[in-house]
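Have a look at the structure below, then the notes.
Computed from a predicted structure; not experimentally measured.
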Amino acid sequence: MRTFLTPILTGTAFAALLAGGALAQAVAPAPQLAPATVASPLPATQALFDGYVSAGKMPGIVGAFGVGDLPTVFVKSGKVALDANAQPAGPDSLWRVYSMTKPVTAMAAMILIQDGKLKLDEPVSDVLPAFKNMRVQLNANTIESRPAARPITIRNLLTHTAGLGYNIITTGPLLELYNSKGINPAQVNAGLEAITRKTRAPDLQEFANRVASVPLIADPGTKWSYSIGLDVMGAVIEKASGMSFDAFVQKRIFDPLKMRSSYWTVPRSETGRLVSEYAFGPTGTMSPLDPAATSVYLSPPSFPYGGAGLVMSAGDYDRFLHMLQNYGTLDGVRIMKTETAKLAMSDLLPAGVTFGALPGGTGGQMAPKMGFGAGGSVILEDKIASFGAGTYGWGGAAGTIAWVNPVKRIRGTVMVNYFPGEKWPVRGDVMTALQADLARYKK
């Protein structure tokens, strides 16, 4: 549910760094139980991660960094849980990525646009008739409403400009209406799930119908506001593709990319590599929020949540980013056309709408000039402290981070799982560490 906006490595220099790292790994692979015995290709980043864990700031952390088609460099520290017998955290550990699901859903929609089954600027009501006559809230203190000035479009859903709310930021009577109608497309743990299931819609189409029945916060296409747009997009994808939303993502993205550690429901057989999620209390102590052994993700959700529903490994998310970095292709398999991938990672905001501020609680940093693409932010100009123009990415509520710059052919993923995700300044810390690692290769 957050954005990662200020990486600081140039493509050429980072390529040299990772090439050195790939060579080091090839010559001396790290033993699983004693990674510290092998020199890390990213020593400052490794030291940062080790420091996090030794200071008790998190049980474990994994980073995946890549450039071009060189082997991905993984930096890892700690375990998947605080338990003494927990597995070491690694490239195949399973993390709740929450809003890092949104770019996956958005790319599934872009594939359908490429296939001619959707159009970027067609009304959503062409696919979901319940959205035909939307209304707009008169003000934040009432649910009284007026007719919307224009229809919600596919572009609006992809860019959070549909005027939809979100129970993590919506307030007042509209939030009460969302809650009473069970418009809560997310899961936290088994205890909360037992409560939310009492009101939540049982399937995607019913969920979308309920969303269509409540007022918008603004006319479509007039304001950027973080929303459940990508969850509604799941229902659109389901109707437009003629198959379930999760089946479409599996067939068109996960299977061809060999992403075998990406789940809406984690198989019981994989519980050992599922990370336990923690929450920090007022005293700073970590308490289990969703322990792996009893995780809500071990049981099927009410429906696949396109905005926050996936559990993925760092290795899998890196493959997804690698495909985007290559404008739609990886290992000889094409997921989308080059022009589709470029469009998806361009500024798709409607005319006159700006992405000028991050939603509360996201913890990201704004670049000097930014736009918003399909499910993620886009940096629009080159600056010294930035991956530069073309950087696309987003993050998750439990601290996860992802970014890719296809122009410079660089990408990065950082996986952690704790609430609040802004407890530690991981984004800035990681970039400072990567900058220090880069400096070693400049000498």
Side-chain angles (χ1 to χ4, degrees), residues 1-2 49 52-53 55-62 77-90 93-102 166-169 179 184-200 231 261-268 270-302 304-305 307-314 317 359-363 394-402 414-427:
M1 299 178 186
R2 53 240 203 96
F49 286 12
Y52 283 150
V53 174
K57 293 183 175 180
M58 58 194 70
I61 180 171
V62 175
S77 187
K79 299 180 178 182
V80 298
L82 292 175
D83 309 50
N85 62 346
Q87 294 184 12
S93 300
L94 300 174
W95 310 80
R96 300 154 193 77
V97 299
Y98 292 108
S99 284
M100 270 168 45
T101 303
K102 290 177 170 70
Y166 212 157
N167 60 4
I168 59 174
I169 60 171
N179 289 338
N184 181 16
Q187 51 195 359
V188 177
N189 59 28
L192 287 174
E193 184 67 5
I195 297 171
T196 54
R197 284 235 180 183
K198 294 178 180 178
T199 55
R200 189 191 292 127
D231 293 288
S261 293
S262 298
Y263 304 107
W264 307 97
T265 304
V266 177
R268 294 273 172 178
E270 305 302 322
T271 306
R273 60 190 179 109
L274 175 61
V275 175
S276 287
E277 187 168 62
Y278 293 84
F280 286 93
T283 62
T285 302
M286 275 187 288
S287 299
L289 178 64
D290 186 39
T294 58
S295 175
V296 66
Y297 285 91
L298 297 174
S299 300
S302 299
Y305 309 128
L310 282 169
V311 171
M312 304 174 71
S313 68
Y317 213 93
T362 60
W394 203 242
T400 54
I401 304 165
V414 178
M415 295 292 201
V416 292
N417 261 182
Y418 52 77
F419 278 97
E422 293 76 34
K423 176 67 175 178
W424 312 116
V426 173
R427 292 168 186 73

Over all heavy atoms of both residues, which pair between [X] and [Y] is shortest? Give the atoms and the distance, please.
{"X": "Ala397", "Y": "Tyr98", "value": "N-CB, 3.7 Å"}
{"X": "Arg200", "Y": "Ala186", "value": "NH2-O, 2.8 Å"}
{"X": "Met286", "Y": "Gly56", "value": "CE-O, 3.2 Å"}
{"X": "Ser99", "Y": "Tyr166", "value": "OG-OH, 4.2 Å"}
{"X": "Val62", "Y": "Ala314", "value": "CG1-CB, 3.7 Å"}
{"X": "Thr265", "Y": "Pro301", "value": "OG1-CD, 3.3 Å"}

Report yes if the side chains of [X] and [Y] come closer than 4.5 Å at any heavy-atom pair, otherwise no.
{"X": "Gln187", "Y": "Ser302", "answer": "no"}
{"X": "Lys79", "Y": "Pro59", "answer": "no"}
{"X": "Val97", "Y": "Met415", "answer": "yes"}
{"X": "Leu310", "Y": "Trp264", "answer": "yes"}
{"X": "Tyr278", "Y": "Pro288", "answer": "yes"}
{"X": "Thr199", "Y": "Asn179", "answer": "no"}
{"X": "Leu289", "Y": "Val188", "answer": "yes"}
{"X": "Ser295", "Y": "Leu274", "answer": "yes"}

If you measure from [atom1] on [X] to [atom2] on [Y], what distance do you get to the nearest 0.5 Å?
{"X": "Tyr418", "Y": "Trp424", "atom1": "OH", "atom2": "CH2", "value": "8.0 Å"}
{"X": "Asn184", "Y": "Glu193", "atom1": "CG", "atom2": "CD", "value": "8.5 Å"}
{"X": "Arg96", "Y": "Ser276", "atom1": "CZ", "atom2": "OG", "value": "6.5 Å"}
{"X": "Met58", "Y": "Phe49", "atom1": "CE", "atom2": "CZ", "value": "8.5 Å"}
{"X": "Asn417", "Y": "Leu94", "atom1": "CG", "atom2": "CG", "value": "10.0 Å"}

Candidate pair Tyr52 and Val426, rule side-chain contact (heavy atoms from CB on, under 4.5 Å), full reasoning: CA-CA 9 Å; Tyr52 283 150; Val426 173; 3.9 Å; yes

Verify, without hydrogens or angle tests, whether [X] (side chain) and [Y] (backbone) share a donor-acceptor contact under 3.5 angstrom.
{"X": "Thr271", "Y": "Arg268", "result": "yes"}
{"X": "Thr285", "Y": "Gly281", "result": "no"}
{"X": "Tyr317", "Y": "Met100", "result": "yes"}

Looking at residues at least two apart in the chain, or sitting in another chain, which of them share a side-chain contact (heavy atoms from CB on, under 4.5 Å) with Pro185?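 Pro185 satisfies side-chain contact (heavy atoms from CB on, under 4.5 Å) with Phe207, Ile228, Asp231, Phe303, Tyr305 only.
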
Under a 3.5 Å threshold, yes or no: a donor from one side chain and an acceptor from the other, between Ser261 and Arg273?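 Yes - a donor-acceptor pair under 3.5 Å links their side chains.
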
